[in-house]
Amino acid sequence: MPIAKPANQVASTITSQHLSDRVLEIQDAFEVSPTKLKQIVAHFVEELKKGLSAKGGNIPMIPVWVMDYPNGTETGDYLAIDLGGTNLRVVLVHLLGGQKFETEQEKYHLPKGMRTTRNRDELFEFIADCLEKFFYKLHPNGIEKGALLPLGFTFSYPASQTRIDTGVLQRWTKGFDIPNVEGEDVVPLLMDKINEKKLPIKVVALINDTAGALVASRYTDPTTEMGLIFGTGVNGAYYDRVGNIEKLKGKLLPDITDDSPMLINCEYGSFDNEHESLPRTKYDILIDEQSPRPGQQAFEKMTAGYYLGELIRLILVELYEEKQVFQKYSKDSEQIKLLYTPYLLDTSFLAEIEGDQDLENFPEVVRLFQEFLKIEPTLDERRLSRALSEIIGNRSARLSVCGIGAACTKMNIKKCHCAADGSVFHKYPKFPERAADSLADIFGWKEENIHPRNYPIQIVPSQDGSGVGAAVIAALAHARQAKGLSLGLAEAYKKA
Ligand code: GLC
């Protein structure tokens with residue numbers, strides 16, 4: 001069967017022969033064939049295993065000390081916060097049992113420049129300020145003296161956890177770059193600010209967004225085996241067996257046995273940092289070289305929302321330099337200066353270009369170019385942009401699901417739901433279909449003539465991971481603690 005050429009339809013309507021040839025070249029560079037997908041998955045499985053070994057590998061494979069499966073009976077009131085790229089969300093979750101819950105929430109916009117502030121206190125003070133506002137909105141007169149509200153802190157960066165309520169940031173990802181946080185436990189950094197405000201709140205669990213997505217969905221759907229984020233970053237979580245986690249051998253208290261499940265935050269955005277199997281284009285190489293952390297997050301840089309807008313921008317810059325596009329704007333014009341601004345275009349730019357239904361005139365594309373770049377695109381430039389959005393979006397979806405392919409292969413999971421969240425999954429048209437199609441290529445479902453509706457591994461929208469998921473994880477931790485069981489490495493208990 002010939003490999004689908006997603007951009008052909010639009011690319012073939014481009015009138016300039018040279019431009020249309022360039023699009024096809026770019027398309028070839030971004031293509032990931034079924035054979036290539038299978039090779040990537042095979043390498044990915046090995047890398048997941050390496051991450052669990054005593055020696056370790058590129059993929060951190062972080063045990064997050066969730067050792068139970070939720071079953072929907074968990075109850076209680078929990079606070080949850082989620083530090084995202086643009087917002088801080090604060091949620092009060094009432095777990096009602098019977099797979100039911102209610103939430104009350106508030107979103108606070110992250111002040112401009114916060115992702116890269118030079119003063120780490122600003123970040124933690126901001127979080128504590130938001131918590132304070134939320135707390136007094138809910139409880140204008142405070143709460144019962146001596147009581148403490150348990151807080152699940154969704155901190156979606158690679159953080160090593162010796163216990164469930166700690167998290168030492170390994171390195172920032174997704175464009176965050178704040179000094180003196182890498183190598184530090186972020187829980188005391190936040191708790192200090194909470195305590196300064198005398199808020200009756202205590203962090204009881206540090207949670208990755210993928211772990212939250214998995215646990216929240218599993219609270220209502222017991223067939224969920226993975227939690228996935230296709231958003232600003234790309235990552236996945238699944239339950240492994242403690243016995244498979246070689247790096248924990250000899251480091252646990254006797255109450256954690258080899259058969260115990262253990263939720264793993266893979267942090268597989270760093271898959272293939274050694275550049276062995278991913279088909280990198282020159283644009284991917286540029287993104288990596290110009291990033292604050294070259295050589296890191298190789299997989300994420302090719303697939304995640306934070307980078308997709310930058311990919312199209314780099315291609316458009318190249319085509320401008322080749323005198324193929326935007327020729328009515330001179331190099332020192334405002335428009336071209338905007339075009340040369342790194343990270344000016346975000347994923348919504350691409351997603352909305354793909355959402356344009358009018359393939360004659362592309363009115364949405366015109367609007368987006370005016371809004372972001374002040375450029376009036378010609379018809380050929382609109383077609384080009386549409387073709388490029390499809391090429392970039394398609395590759396992102398195809399590569400992104402290699403993480404699912406790898407984890408399911410490793411765990412021998414043949415049938416399940418994978419709970420997905422994130423802006424790319426929700427906002428990028430066709431992402432879910434393309435992702436399903438790519439999984440079908442990986443597992444050979446097309447040869448078996450399985451209808452997409454019946455694909456055995458289905459990616460479904462997750463429940464609210466950073467709210468409900470964080471609350472359920474906090475509830476599971478609480479239940480374990482009440483039984484006197486450990487939630488971390490033996491050494492973390494000796495110190496405590
Ligand atoms: C980045 C983070 C990871 C997170 C993912 C999705 O890869 O390192 O912790 O899960 O983005 O938000």
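Keep in mind that the numbers below use all heavy atoms, side chains included, and drop hydrogens, waters and symmetry copies. Both ligands and their constituent atoms are indexed starting at 1 by order of listing.
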- Message: What verdict does the side chain to side chain donor-acceptor pair (under 3.5 Å) test give for Lys193 and Asn195, after you've listed the backbone C-alpha separation in whole Å, the side-chain angles of each residue and the deciding distance to 0.1 Å?
- Response: CA-CA 5 Å; Lys193 301 294 170 197; Asn195 293 338; over 6 Å; no
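Less than 4.0 angstrom separates some heavy atom of Gly233 from each of these atoms of ligand 1: 6 (C), 11 (O). The Thr173 neighbourhood of ligand 1 comprises atoms 1 (C), 2 (C), 8 (O), with distances under 4.0 Å to a heavy atom of that residue. The Val234 neighbourhood of ligand 1 comprises atoms 7 (O), with distances under 4.0 Å to a heavy atom of that residue. Every atom of ligand 1 is numbered from 1 in the order shown, and the set under 4.0 Å from a heavy atom of Ile229 is 6 (C), 12 (O).
Here Arg89 does not pair with Glu106 in a salt bridge; the nearest charged N to carboxylate O distance is not below 4.0 Å. Comment: Asp284 engages Arg395 in a salt bridge, judged by a side-chain N to carboxylate O separation of less than 4.0 angstrom. Salt bridge Arg293/Glu182: present, at least one basic N to carboxylate O contact under 4.0 Å.
Under a 4.0 angstrom heavy-atom cut-off, Ser156 registers as being in contact with ligand 1. By the 4.0 Å heavy-atom criterion, Gly231 is excluded from the residues contacting ligand 1. Assignment of Asn265 to the shell around ligand 1 is not supported, since no heavy atom sits closer than 4.0 Å. Not a single heavy atom of Thr232 sits less than 4.0 Å from an atom of ligand 1.
Looking at Thr210 next to ligand 1, no N or O pair under 3.5 Å apart turns up.
His94 and Glu104 share a donor-acceptor pair across their side chains, judged by distance under 3.5 Å alone.
Protein heavy atom closest to atom 12 (O) of ligand 1, with residue, atom name and distance, is Asp209 OD2, 2.6 Å. Nearest protein heavy-atom neighbour of atom 7 (O) of ligand 1: Glu300 OE2, 2.4 Å.
For the side chain to side chain contact (heavy atoms under 4.5 Å, CB included) criterion with Pro429, the lone passing option out of Glu390, Glu354, Arg434 is Glu354. Tested against Asn58 for a side-chain hydrogen bond (donor to acceptor under 3.5 Å, both in side chains), the candidates Glu47, Lys50, Gln296, Glu274 yield a single pass: Glu274.
Evaluated by nearest non-hydrogen atom to atom 3 (C) of ligand 1, the leading choice among Gln297, Glu267, Gln296 is Glu267.
Contact record, His426 with Pro461: CE1-CB, 4.1 Å, taken as the closest heavy-atom pair.
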